[in-house]
**Student:** 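Submitted below is the structure of interest, expressed as structure tokens.
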Amino acid sequence: QVQLVESGGGLVQPGDSLRLSCTYSGFTRESYAIAWFRQAPGKEREAVSCIVNSDGSTYLSDSVKGRFTISSDKAKKTVYLQMNSLKPEDTEVYYCAVSLNRHQAMGIIPLLEEYDYWGQGTQVTVSS
């Protein structure tokens, strides 16, 4: 019943911006985190960003700090990833995922093993 749906990907030129959306449903709790990962073919998924519902803390990977911003609209049950100054290296499939049953030992850096449900992904292509 848990569902996450990504949208907002597309083809843009270097320096352009995109806003990805992750709309979630199927769970009701205070303690959860939603993260964005990205993956290129044949490679491991890479953590990009995370937002923790209980306290609003966020994480951004070093490769996207200063360019990407994560935010949440609880009324819309949507998490956004605002991506500015896009680079060709940002060309990946972007996935959102939810980590349920959070506990204190979990750090802010998203770990694949902590995430229980995933969306299908949305393609971001940055090319001239």
Side-chain angles (χ1 to χ4, degrees):
Q1 191 171 358
V2 175
Q3 187 175 29
L4 302 101
V5 180
E6 305 97 335
S7 63
L11 173 63
V12 298
Q13 296 181 350
D16 285 354
S17 297
L18 284 172
R19 187 178 72 167
L20 305 184
S21 299
C22 173
T23 300
Y24 55 90
S25 62
F27 60 92
T28 302
R29 63 178 65 197
E30 180 68 21
S31 181
Y32 66 89
I34 292 179
W36 288 95
F37 294 78
R38 64 187 185 184
Q39 185 174 28
K43 297 184 179 180
E44 297 291 332
R45 292 189 182 185
E46 172 194 15
V48 177
S49 188
C50 175
I51 185 165
V52 179
N53 181 66
S54 57
D55 61 9
S57 60
T58 59
Y59 163 83
L60 291 167
S61 68
D62 290 341
S63 64
V64 305
K65 282 182 179 178
R67 299 189 297 121
F68 292 10
T69 303
I70 191 169
S71 61
S72 177
D73 186 334
K74 293 182 179 180
K76 296 181 178 180
K77 294 185 177 181
T78 300
V79 171
Y80 302 98
L81 185 67
Q82 178 67 46
M83 305 186 297
N84 298 326
S85 302
L86 284 163
K87 304 175 181 179
E89 66 189 83
D90 298 318
T91 297
E92 306 275 359
V93 177
Y94 286 72
Y95 301 88
C96 66
V98 63
S99 174
L100 304 176
N101 195 28
R102 303 289 295 181
H103 57 82
Q104 190 174 1
M106 294 179 175
I108 188 62
I109 301 174
L111 302 176
L112 284 170
E113 65 188 66
E114 297 173 345
Y115 285 80
D116 307 297
Y117 299 95
W118 296 78
Q120 294 298 308
T122 185
Q123 176 72 52
V124 172
T125 302
V126 185
S127 176
S128 298

**Student:** For a quick test of reading the model, state the closest non-hydrogen atom pair linking Ser17 to Asn84 and the distance between them.
**Tutor:**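 Here Ser17 and Asn84 meet closest at OG-OD1, 2.8 Å.
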
**Student:** What are the two closest non-hydrogen atoms of Ile51 and Gly56, and how far apart are they?
**Tutor:**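 So the minimum-distance heavy-atom pair works out to CG1-O, 4.3 Å.
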
**Student:** Identify the heavy atoms of Glu46 and Ser63 that sit nearest to each other, and give their distance.
**Tutor:**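 So the two residues come closest at OE2-OG, 3.8 Å.
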
**Student:** Classify the ring geometry of Phe27 against Tyr32: parallel below 30°, tilted from 30° to 60°, perpendicular beyond 60°.
**Tutor:**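 Perpendicular.
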
**Student:** Is it possible for you to say whether Val12 and Tyr94 belong to one hydrophobic cluster, with membership spreading through side-chain heavy-atom contacts below 4.5 Å?
**Tutor:**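 Cluster IDs for Val12 and Tyr94 match.
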
**Student:** Tell me whether Tyr95 shares a hydrophobic cluster with Leu4, the cluster being built from Ile, Leu, Val, Met, Phe, Trp, Tyr side chains joined at under 4.5 Å.
**Tutor:**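 Unlinked, Tyr95 and Leu4 end up in two clusters.
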
**Student:** Are more than 12 heavy atoms, taken from residues, nucleotides or ligands other than Ile109, located less than 6.0 Å from that residue's CD1 atom?
**Tutor:**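 Not buried by this count: 12 neighbours or fewer within 6.0 Å.
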
**Student:** Does the side chain of Arg102 come within less than 4.5 Å of Ser54's, by heavy atoms?
**Tutor:**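 No; the side chains remain at least 4.5 Å from each other.
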
**Student:** Carefully, step by step, assess Leu11 and Gln123 under the rule side chain to side chain contact (heavy atoms under 4.5 Å, CB included).
**Tutor:** CA-CA 8 Å; Leu11 173 63; Gln123 176 72 52; over 6 Å; no

**Student:** Using the rule given for side chain to side chain contact (heavy atoms under 4.5 Å, CB included), can you reason through Glu6 versus Leu20, listing the C-alpha separation, both sets of side-chain angles and the distance that settles it, and then say yes or no?
**Tutor:** CA-CA 7 Å; Glu6 305 97 335; Leu20 305 184; over 6 Å; no

**Student:** To the nearest 0.5 angstrom, please state how far the CD1 atom of Ile108 sits from the CG atom of Leu60.
**Tutor:**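 Ile108 atom CD1 to Leu60 atom CG measures 9.5 Å (nearest 0.5 Å).
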
**Student:** Counting neighbours of CD on Gln120 that are heavy atoms of other residues, nucleotides or ligands and sit closer than 6.0 Å, is the number greater than 12?
**Tutor:**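 No.
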
**Student:** In terms of ring plane angle, is the pair Phe37 and Tyr115 parallel, tilted or perpendicular, where the classes change at 30° and 60°?
**Tutor:**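 Perpendicular, since the angle between the ring planes exceeds 60°.
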
**Student:** Could you state whether Leu100 and Trp36 fall into the same hydrophobic cluster, counting links through intermediate Ile, Leu, Val, Met, Phe, Trp or Tyr residues with side-chain heavy atoms under 4.5 angstrom apart?
**Tutor:**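 Yes; Trp36 is reachable from Leu100 via cluster members.
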
**Student:** Is the shortest distance from a Lys or Arg side-chain nitrogen in Asp62 or Lys65 to a carboxylate oxygen in the other one below 4.0 Å?
**Tutor:**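 Yes.
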
**Student:** Is a side-chain N or O of Ser49 found less than 3.5 angstrom from the main chain of Tyr59, in a donor-acceptor match?
**Tutor:**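 The answer is yes, because a donor-acceptor pair under 3.5 Å joins these two groups.
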
**Student:** If you look at every heavy atom in Thr78 and Ser21, which pair is closest and at what distance?
**Tutor:**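 What the structure gives for the nearest pair is CG2-CB, 4.0 Å.
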
**Student:** Whether the side chain of Glu92 engages the backbone of Ala40 through a donor-acceptor N/O pair (distance < 3.5 Å, no angle test) should be reported.
**Tutor:**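 The answer is yes, because a donor-acceptor pair under 3.5 Å joins these two groups.
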
**Student:** State which residue, out of Ile70, Val98, Asn53, fulfils the side-chain contact (heavy atoms from CB on, under 4.5 Å) condition with Val79.
**Tutor:**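 Going through the options one by one, the only one that passes is Ile70.
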
**Student:** Please indicate whether Glu44 has more than 12 foreign heavy atoms, meaning atoms of other residues, nucleotides or ligands, lying under 6.0 Å from its CD.
**Tutor:**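 No.
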
**Student:** To the nearest 0.5 Å, tell me how far Ser25 OG sits from Lys77 NZ.
**Tutor:**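 So the gap between those two atoms works out to 7.0 Å.
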
**Student:** State, to 0.1 Å, how close Gly9 and Thr122 come at their nearest heavy-atom pair, and which atoms those are.
**Tutor:**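 In terms of heavy atoms, the two residues are closest at N-OG1, 3.2 Å.
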
**Student:** A side-chain contact here means heavy atoms from C-beta on lying under 4.5 Å apart; do Ser72 and Lys74 qualify?
**Tutor:**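 Yes, close enough: below the 4.5 Å cut-off.
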
**Student:** So do Arg38 and Asp90 actually touch side chain to side chain, heavy atoms under 4.5 Å?
**Tutor:**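 Yes - at least one pair of side-chain heavy atoms lies under 4.5 Å apart.
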
**Student:** Please give me the minimum heavy-atom distance between Leu112 and Arg45, naming the atom from each residue.
**Tutor:**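 Reported closest heavy-atom pair: CD2-CB, 4.0 Å.
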
